[in-house]
Amino acid sequence: MKHRLLAAAAVLALAAGTGACGSDEGSGSAAPASTGPAKLTVWIMDGSVTDELVKQFETDYEAARKGVDLDIQIQAWDGIGERVTAALASTDAPDVIEVGNTQIAQYAASGGVRDLTDKVADLGGTDWIPGLAQPGNIDGRQYGIPWYAANRVVVYNKELFEKAGITAPPTTRDEWLEITAKLDKGGDQGIYLTGQTWYALAGFIWDEGGDFAVKDGEKWKGALDTPQALAGMDFYKRLQALGKGPKDADEANPPQHEVFAQGKVAQMISVPGGAARVLEVEPKMKDKIGFFPIPGKTADKPGAVFTGGSDLIIPEASKNPDAAYEVVKALAGEKFQTDLAKAMNFVPNRTSLAHVLDADEGTAAMAKGASNGRATPNTPNWAAVEATLVIKQYMTAVLTGKDPAAEARKASESITATLNSGS
């Protein structure tokens with residue numbers, strides 16, 4: 001998910017957390033003897049895990065399982081739908097793939113994803129967060145194993161807020177615009193918001209009472225051309241203008257955490273874990289980072305946010321499905337889930353692990369925002385909409401001066417056609 005998805009750590013809690021990564025269900029425990037060398041390719045999405053945690057997991061896992069060679073490859077969200085679809089249709093697929101939870105239904109429909117229903121009990125499925133487990137369950141069969149959940153917040157530079165005389169974060173949209181305008185001066189950007197950060201747009205549209213698409217009888221109908229959705233896009237345009245984010249790119253191009261780390265950006269919209277990525281680039285930002293929920297239209301309710309997450313799947317074409325399952329079990333197990341939560345402040349996949357994020361500023365902001373969490377239209381064809389890039393293209397068109405109503409109408413027609421394809 002751009003994705004994904006999905007939380008934030010101002011301080012990387014890695015030293016204590018990763019030394020024995022995966023003790024009970026993976027990387028630090030003894031494993032059944034391998035029947036032979038197994039090279040396992042694992043696709044993990046950019047931004048899901050810190051480099052340090054990836055390396056620690058790989059080292060500990062291989063040490064505990066002689067004969068296993070992990071090749072963990074970090075994938076960009078841009079174009080991931082096409083790459084995963086191609087991989088699932090190939091005879092040389094990765095063994096484990098992280099996918100956004102909105103994409104699982106489409107991938108499962110292709111027939112290229114391994115059914116893991118018989119592994120749910122072994123994976124502690126009764127303890128999974130229900131809202132995180134459900135997207136991976138298609139027609140009663142579990143294809144996606146919940147990995148983590150998150151929603152976006154505003155990550156801000158406390159030093160720049162203080163410099164602008166701002167003593168408290170905004171609590172309403174109007175106040176947010178006013179504060180951001182004050183911050184957007186003297187070489188500093190009020191906010192770094194790219195033109196295609198469509199998950200942020202989703203919240204603004206939902207706040208207005210709109211949606212990307214609505215059910216119309218047995219069919220779906222694109223809804224970007226409704227007055228409510230147009231109002232959400234108008235707010236996005238006003239906010240985006242208070243910075244220098246490119247209008248024709250998403251938050252990964254260039255990576256927004258790298259831009260924020262330069263110290264000249266007052267705010268970015270990100271899962272709180274984006275702060276951990278900032279610190280990888282510039283550790284001196286450690287005491288300058290703060291968090292607040294995306295403001296809503298009124299102070300009594302935070303802005304709507306997409307509550308998403310990631311799942312792990314095993315392609316049918318994996319040459320080592322049993323060994324691949326052991327990797328999934330380790331990554332979804334209690335020990336690694338605890339390490340991941342501490343490193344990235346993502347919500348773990350288990351209800352019993354909620355306590356590991358107590359008293360963290362980023363998590364508190366995320367939890368408050370999650371109270372107004374929403375999801376994209378619940379249809380297997382939604383991943384196909386994402387793959388067409390129609391929403392991103394619509395946003396760029398509006399931000400570069402084209403008529404919003406006309407562009408929304410074209411985008412809505414495209415969404416309608418995609419969602420009803422094959423029905």
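Numbers here are sequence positions counted from 1.
The backbone N or O of K297 sits nowhere less than 3.5 Å from a side-chain atom of D174 that would complete a donor-acceptor pair. Side chain of Q189 to backbone of A266: no donor-acceptor contact under 3.5 angstrom is found. With hydrogens and angles ignored, the 3.5 Å screen pairs no side-chain donor or acceptor of N320 with any backbone N or O of A323. In this structure, the side chain of S90 engages the main chain of A87 through a donor-acceptor pair within 3.5 Å. Proximity of a side-chain donor or acceptor of D46 to a complementary backbone N or O of I74 within less than 3.5 Å is not detected. Remark: side-chain polar atoms of R114 are not paired, donor with acceptor, to backbone N or O of A317 under 3.5 angstrom. With hydrogens and angles disregarded, a donor-acceptor distance shorter than 3.5 Å links the side chain of E62 to the backbone of L70. Checking side-chain atoms of R83 against main-chain N and O of A76 turns up a donor-acceptor pair under 3.5 Å. The closest donor-acceptor contact from the side chain of N101 to the backbone of P135 lies at 3.5 Å or more, if one exists at all. The closest donor-acceptor contact from the side chain of N381 to the backbone of A384 lies at 3.5 Å or more, if one exists at all.
Rounded to the nearest 0.5 Å, atoms CG (L116) and OH (Y325) are 8.0 Å apart. S48 contributes atom OG, which lies 7.0 Å from atom CE of M344 (distance to the nearest 0.5 angstrom). Rounding to the nearest 0.5 Å gives a distance of 12.0 Å between CG of D69 and OH of Y61. Rounding to the nearest 0.5 angstrom, the gap separating the CG atom in D127 from the CD atom in Q337 is 10.0 Å. One distance of note links NZ of K301 with OG1 of T172; it measures 15.0 Å at 0.5 Å rounding. Between N349 atom CG and E334 atom CD the span is 10.0 Å, to the nearest 0.5 Å.
Between D207 and A304, the closest heavy-atom pair is OD1-N, 3.0 Å. P293 and K368 make their closest contact through CG-CD, 3.7 Å (heavy atoms, listed as atom of the first residue, atom of the second, distance). Minimum heavy-atom separation, I415 to G222: CG2-CA, 3.9 Å. Scanning both residues, I179 and P169, for their nearest heavy atoms gives CD1-C, 4.5 Å. Across T171 and P295, no two heavy atoms sit closer than the pair C-CB, 3.8 Å. Closest approach of A275 to I289, counting heavy atoms only: CB-CG2, 4.0 Å.
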For residues 388-396, which side-chain N or O atoms pair as donor and acceptor with protein atoms under 3.5 Å away, sequence neighbours left out?
unit_1, atom_1, unit_2, atom_2, d
T388, OG1, V385, O, 2.7
T388, OG1, V390, N, 3.3
K392, NZ, D250, OD2, 2.7
T396, OG1, Q196, NE2, 2.9
T396, OG1, K247, O, 2.7
T396, OG1, K392, O, 3.4

Donor-acceptor contacts, no H, no angles, side chain residues 229-242, under 3.5 Å, sequence neighbours left out:
unit_1, atom_1, unit_2, atom_2, d
Y236, OH, T194, O, 2.5
Y236, OH, T197, N, 3.2
Q240, NE2, L193, O, 3.0
Q240, NE2, G245, O, 2.9

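Using a cutoff of 4.0 Å between basic side-chain nitrogens and carboxylate oxygens, R141 and D115 are scored as salt-bridged. Using a 4.0 Å cut-off between charged nitrogen and carboxylate oxygen, K39 and D95 do not count as a salt-bridge pair. Between K288 and E282 there is no salt bridge, since no side-chain N of the basic residue sits under 4.0 Å from a carboxylate O of the acidic one. A salt bridge between K335 and D339 is present, with a side-chain N of the basic residue lying under 4.0 Å from a carboxylate O of the acidic one. The pair D211-R374 counts as a salt bridge, with a side-chain nitrogen and a carboxylate oxygen less than 4.0 angstrom apart. Salt bridge absent: E326 and K329 never bring a charged side-chain N and a carboxylate O closer than 4.0 Å. Salt-bridge annotation for K319 and D92: present, with a side-chain N of the basic residue lying under 4.0 Å from a carboxylate O of the acidic one. Taking 4.0 Å as the cut-off between side-chain N and carboxylate O, E258 and R277 do not count as a salt-bridged pair. In summary, D188 and K163 engage in a salt bridge, as defined by a charged side-chain N under 4.0 Å from a carboxylate O.
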- Message: Determine whether F212 and W382 satisfy the following criterion, ring pair (Phe, Tyr, Trp, His ring centres under 6.0 Å), listing intermediate values before the conclusion.
- Response: CA-CA 10 Å; F212 291 117; W382 181 254; 5.7 Å; yes

- Message: Could you go through S310 and E98, starting from their C-alpha distance and side-chain angles, then the distance that decides it, and tell me whether this counts as side chain to side chain donor-acceptor pair (under 3.5 Å)?
- Response: CA-CA 6 Å; S310 282; E98 175 194 351; 2.6 Å; yes

- Kindly indicate, with the supporting measurements, whether the criterion side chain to side chain donor-acceptor pair (under 3.5 Å) is fulfilled by N137 and Y143. CA-CA 6 Å; N137 189 294; Y143 295 94; over 6 Å; no

- Item | Evaluation steps, side-chain contact (heavy atoms from CB on, under 4.5 Å), between V96 and T41 | CA-CA 7 Å; V96 178; T41 300; over 6 Å; no

- Task: Evaluate the criterion salt bridge (charged side-chain N to carboxylate O under 4.0 Å, His left out) for residue pair E361 and K158; output intermediate values, then yes/no.
- Result: CA-CA 13 Å; E361 183 184 358; K158 294 180 178 179; 3.7 Å; yes

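Between F57 and F336, the ring centre distance stays below 6.0 Å. Taking the six-membered ring for Trp and the full ring otherwise, F161 and Y156 have centroids separated by under 6.0 Å.
Contact check for I72 versus V49: no side-chain heavy atoms found under the 4.5 Å cut-off. Contact check for I44 versus W147: side-chain heavy atoms found under the 4.5 Å cut-off. Here the side chains of F291 and V154 are not in contact, with every heavy-atom distance at 4.5 Å or above. Counting only heavy atoms from C-beta outward, the side chains of P315 and I97 approach each other to under 4.5 Å. The side-chain heavy atoms of E251 and H257, taken from C-beta on, include no pair separated by under 4.5 Å. In this structure, I313 and I145 have side chains that are not in contact, with every pair of non-hydrogen atoms separated by 4.5 Å or more. In this structure the side chain of S110 reaches within 4.5 angstrom of the side chain of L88, judged on heavy atoms. Between Q267 and F260, the closest side-chain pair of non-hydrogen atoms is not below 4.5 Å.
Annotation for D403: atom CG counts as buried by contact number, over 12 foreign heavy atoms lying within 6.0 Å. For K215, the NZ atom counts as densely surrounded, since its 6.0 Å shell holds more than 12 non-hydrogen atoms of other residues, nucleotides or ligands.
Contacts of A249 classified as side chain to side chain contact (heavy atoms under 4.5 Å, CB included), with partners at least two apart in sequence or in another chain: P246, N253.
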